[in-house]
Amino acid sequence: MTRIPVILDGDPGHDDAIAWVFAKAYEDLFDIRAVVSVSGNQTIDKTTWNARRIATLLGIDAPVAKGAVKPLLEPVMTAGNWHGESGLDGPVMPEPDQPLFEGTGVELMAKVLRESEEPVTIISTGPLTNVAQLLMLYPELKEKIGQISIMGGGITYGNWTMAAEFNIVEDPEAAWLVFHSGIRLFVSALNVTEQALIRPEDIPRIKAVGNQVAQVTGEWVEFFIQYPMAIGYEGAPVHDPCAVLMLAKPDLFKTKDLYVDIELEGEYTRGMTVADFRSWGEHEPNCTCAMEIDQKRYIDLLCEALHAYDGRVVNL
Ligand code: RIB
Ligand code: CA
């Protein structure tokens, strides 16, 4: 199978980190060309530091760049209640084993697109600021983006507000540009990602995979599970891996092609993903949305992916 060039774009963040565990494990499919941070779960310096350490832990042999400092218009909103002060609280992590890319995140993304002979896939698990900047600053490179798989949106409800999901409401203008770009989009929104639940009883099974990455992943979940369970979830909604699995394991999901637009106005609705479920709607679908996930297989796939790291040990 031909490997597809991939840019990982996220705001690590525990679930971004676990998404990248999957992405690196699927190296027969994904050729990771770059990792780019964005502000979101925490401020940009924290998400960048976390991205560099995750890349070191997993052995991602690609440049890591510091992406957007803030959304296009809004100030940064962070989610320390979910991810802690560092943005990746919990286990000890290695020091980065490579220097930060000397340019900006969007410059690295453009470099990867320019140099790739094949269309490049972007897997975005944070606010879409980097992708929006890429489209605005390098319109001539848009055709080199083959597809974007996004964790974002609620489709029918929100988590950060009643109507809006965190990644989208953090930078609604960026999301609007991406959803109006005409690029092939795969969307994993809350209606599915909150089914991607890791429960307390799953943690021993994750750690029992028995390698260093599995131990760290189990400890990430042990931290990340605390806040959601305190507010009523039955476990940790590990959202971001869905954006990887929509490409790598599409049979894990039931999907629906929908027209989705981004609400930019409204005291209660700014950042809402508005989906048209009408068969007689006036718009052609602009994305493939995950609608259901095989929740049991999700944990099976995580444990299977973690075995890809058997024998890998880094200094912590
Ligand atoms: O709403 C969930 C999303 O916001 C996830 O990507 C999480 O990491 C945060 O970025
Ligand atoms: Ca994220």
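Atoms within a ligand are numbered from 1 in the order they appear, just like the ligands themselves.
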query: If you measure only the distance, is there a donor-acceptor pair under 3.5 Å linking the side chains of Glu194 and Tyr157?
result: yes

query: Do Asp89 and Ser86 get their side chains close enough for a donor-acceptor pair, meaning under 3.5 Å?
result: yes

May I have the N/O to N/O pairs between ligand 1 and the protein that fall below 3.5 Å, each with atom names and distance to one decimal?
{"from": "ligand 1", "atom 1": "1 (O)", "to": "Asn159", "atom 2": "ND2", "distance (Å)": "2.9"}
{"from": "ligand 1", "atom 1": "1 (O)", "to": "Glu165", "atom 2": "OE2", "distance (Å)": "2.6"}
{"from": "ligand 1", "atom 1": "4 (O)", "to": "Asn167", "atom 2": "OD1", "distance (Å)": "3.2"}
{"from": "ligand 1", "atom 1": "6 (O)", "to": "Thr125", "atom 2": "O", "distance (Å)": "2.9"}
{"from": "ligand 1", "atom 1": "6 (O)", "to": "Asn167", "atom 2": "ND2", "distance (Å)": "3.0"}
{"from": "ligand 1", "atom 1": "6 (O)", "to": "Asp240", "atom 2": "OD1", "distance (Å)": "2.5"}
{"from": "ligand 1", "atom 1": "6 (O)", "to": "Asp240", "atom 2": "OD2", "distance (Å)": "3.1"}
{"from": "ligand 1", "atom 1": "8 (O)", "to": "Asp15", "atom 2": "OD1", "distance (Å)": "2.6"}
{"from": "ligand 1", "atom 1": "8 (O)", "to": "Asp15", "atom 2": "OD2", "distance (Å)": "3.2"}
{"from": "ligand 1", "atom 1": "8 (O)", "to": "Asp16", "atom 2": "OD1", "distance (Å)": "3.1"}
{"from": "ligand 1", "atom 1": "8 (O)", "to": "Asn41", "atom 2": "ND2", "distance (Å)": "2.9"}
{"from": "ligand 1", "atom 1": "8 (O)", "to": "Asp240", "atom 2": "OD2", "distance (Å)": "3.1"}
{"from": "ligand 1", "atom 1": "10 (O)", "to": "Asp11", "atom 2": "OD1", "distance (Å)": "3.2"}
{"from": "ligand 1", "atom 1": "10 (O)", "to": "Asp11", "atom 2": "OD2", "distance (Å)": "3.0"}
{"from": "ligand 1", "atom 1": "10 (O)", "to": "Asn41", "atom 2": "OD1", "distance (Å)": "3.4"}
{"from": "ligand 1", "atom 1": "10 (O)", "to": "Asn41", "atom 2": "ND2", "distance (Å)": "3.3"}
{"from": "ligand 1", "atom 1": "10 (O)", "to": "Asn167", "atom 2": "OD1", "distance (Å)": "2.8"}

query: Considering residues at least two apart in sequence or located in another chain, which fulfil the ring-ring contact (aromatic ring centres under 6.0 Å, His included) criterion with Tyr227?
result: Trp82

Sequence-distant partners of Asn211, side-chain hydrogen bond (donor to acceptor under 3.5 Å, both in side chains), two or more places apart: Asp310

- line: Listed as residue and atom, the protein N/O/S atoms under 3.0 Å from the Ca ion (ligand 2) are Asp11 OD1, Asp16 OD1, Asp16 OD2, Thr125 O, Asp240 OD2

field: Pair Arg270, Thr161: side-chain N/O donor-acceptor within cut-off below 3.5 Å
entry: no

task: Among Arg114, Gln133, Lys144, find the residue that satisfies the side chain to side chain contact (heavy atoms under 4.5 Å, CB included) test when tested with Tyr138.
output: Arg114

- prompt: Without hydrogens or angle criteria, can the side chains of His83 and Asn41 be said to hold a donor-acceptor pair below 3.5 Å?
  reply: yes

message: Take a 6.0 Å sphere around CG of Asp251 and say whether it holds more than 12 heavy atoms from other residues, nucleotides or ligands.
response: yes

message: Side chains of Thr288 and Asp257 only: does a donor on one sit below 3.5 Å from an acceptor on the other?
response: yes

